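Notes follow once the structure below has been shown.
It should be emphasised that the depicted structure is a prediction, and the values quoted were computed from it without experimental measurement. Residue numbers start at 1 and run along the sequence shown.
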Amino acid sequence: MSRGGSSTESCRQKRQEAGQDMTADERRSKAIRDFYRVYKEYGQLDNVRYHMRVEMSGDTLIEIHRYYGDRKGERVLRVTQEEVEGAEVTAEVAAYEQAADQLVSMIQSRRESLGKNERRRQEVRRWA
């Protein structure tokens with residue numbers, strides 16, 4: 001393999017990561033991969049499980065619930081997308097992308113909350 005070939009592949013990969021020059025299958029694969037990566041990261045901060053449904057019409061639902069042991073708790077995320085004729089992306093891809101974006105926000109918020117709690121505990125220990 002020549003150096004030029006790997007450089008071309010590298011450029012193509014960078015364009016794909018930026019969302020340019022991607023086929024529908026590549027975008028779907030990236031959206032699913034990103035969702036599961038972020039979902040796994042959020043799962044390390046909270047005990048959650050997801051449920052997903054894609055109907056024959058293409059309509060898509062993704063829900064994430066908090067769990068207390070085996071008991072299902074409150075819903076922390078709900079994303080629904082309806083299939084639209086002639087849309088740039090399918091409802092499934094749009095749902096995965098939206099869910100991943102919302103999970104990133106939830107991760108940041110959760111980490112800030114955990115950080116504040118830890119600082120409070122340290123403050124209490126220091127004054128005790």
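With values rounded to the nearest 0.5 angstrom, His51 atom NE2 is found 13.5 Å from Arg49 atom CZ. Separating the CG atom in Leu61 from the CZ atom in Arg78 is a distance of 5.0 Å, to the nearest 0.5 Å. Annotation: the span from Leu103 atom CG to Gln98 atom CD amounts to 10.5 Å, rounded to 0.5 Å. Between Asp46 atom CG and Met106 atom CE the span is 7.5 Å, to the nearest 0.5 Å. Distance check, rounded to the nearest 0.5 Å: CD of Gln44 to NZ of Lys40 gives 6.5 Å. Rounding to the nearest 0.5 Å places CD of Glu63 at 12.0 Å from CE of Met52.
Evaluation of the ring-ring contact (aromatic ring centres under 6.0 Å, His included) test over residues 54-78, restricted to residues two or more places apart or in two chains, returns none. Residue pairs that meet the ring-ring contact (aromatic ring centres under 6.0 Å, His included) test with at least one member in residues 81-114, sequence neighbours left out, are Phe35-Tyr96.
Dense packing is recorded around CZ of Arg66, with more than 12 heavy atoms of other residues, nucleotides or ligands lying under 6.0 Å away. Within 6.0 Å of CD on Glu55 lie more than 12 heavy atoms contributed by other residues, nucleotides or ligands.
Here the side chain of Glu83 pairs a donor or acceptor atom with the backbone of Ala91 at under 3.5 angstrom. Judged by distance alone, the side chain of Glu112 and the main-chain N or O of Ser109 form no donor-acceptor pair under 3.5 Å. Not one N or O on the side chain of Arg110 forms a donor-acceptor pair closer than 3.5 Å with the backbone of Tyr42. Looking at Ser29, its side chain does come within 3.5 Å of a backbone N or O of Asp25 through a donor-acceptor pair.
Both Ile32 and Tyr50 sit in one connected hydrophobic cluster of ILVMFWY residues. Membership requires side-chain heavy atoms under 4.5 Å apart, directly or through other members. Under the 4.5 Å side-chain heavy-atom criterion for Ile, Leu, Val, Met, Phe, Trp and Tyr, Val93 and Val38 are members of distinct hydrophobic clusters.
Of the residues listed (Arg120, Arg119, Arg126), the one engaging Glu123 in a side chain to side chain donor-acceptor pair (under 3.5 Å) is Arg126, and it is the only one.
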Between Asp59 and Thr80, does a side-chain contact (heavy atoms from CB on, under 4.5 Å) hold up when you go through it step by step?
CA-CA 7 Å; Asp59 297 351; Thr80 58; over 6 Å; no
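Of the charged side-chain nitrogens involved, at least one lies within less than 4.0 Å of a carboxylate oxygen, so that Arg27 and Glu88 count as a salt-bridged pair. Look at Arg53 and Glu92 and you find no salt bridge, because none of the NZ, NE, NH1 or NH2 atoms lies under 4.0 Å from a carboxylate O.
For the pair Arg111 and Leu114, the minimum side-chain heavy-atom distance is 4.5 Å or more.
When all heavy atoms of Ala95 and Thr60 are compared, the closest pair comes out as CB-CG2, 3.7 Å. In plain terms, the two heavy atoms of Tyr39 and Val48 that are nearest each other are OH-O, 3.3 Å.
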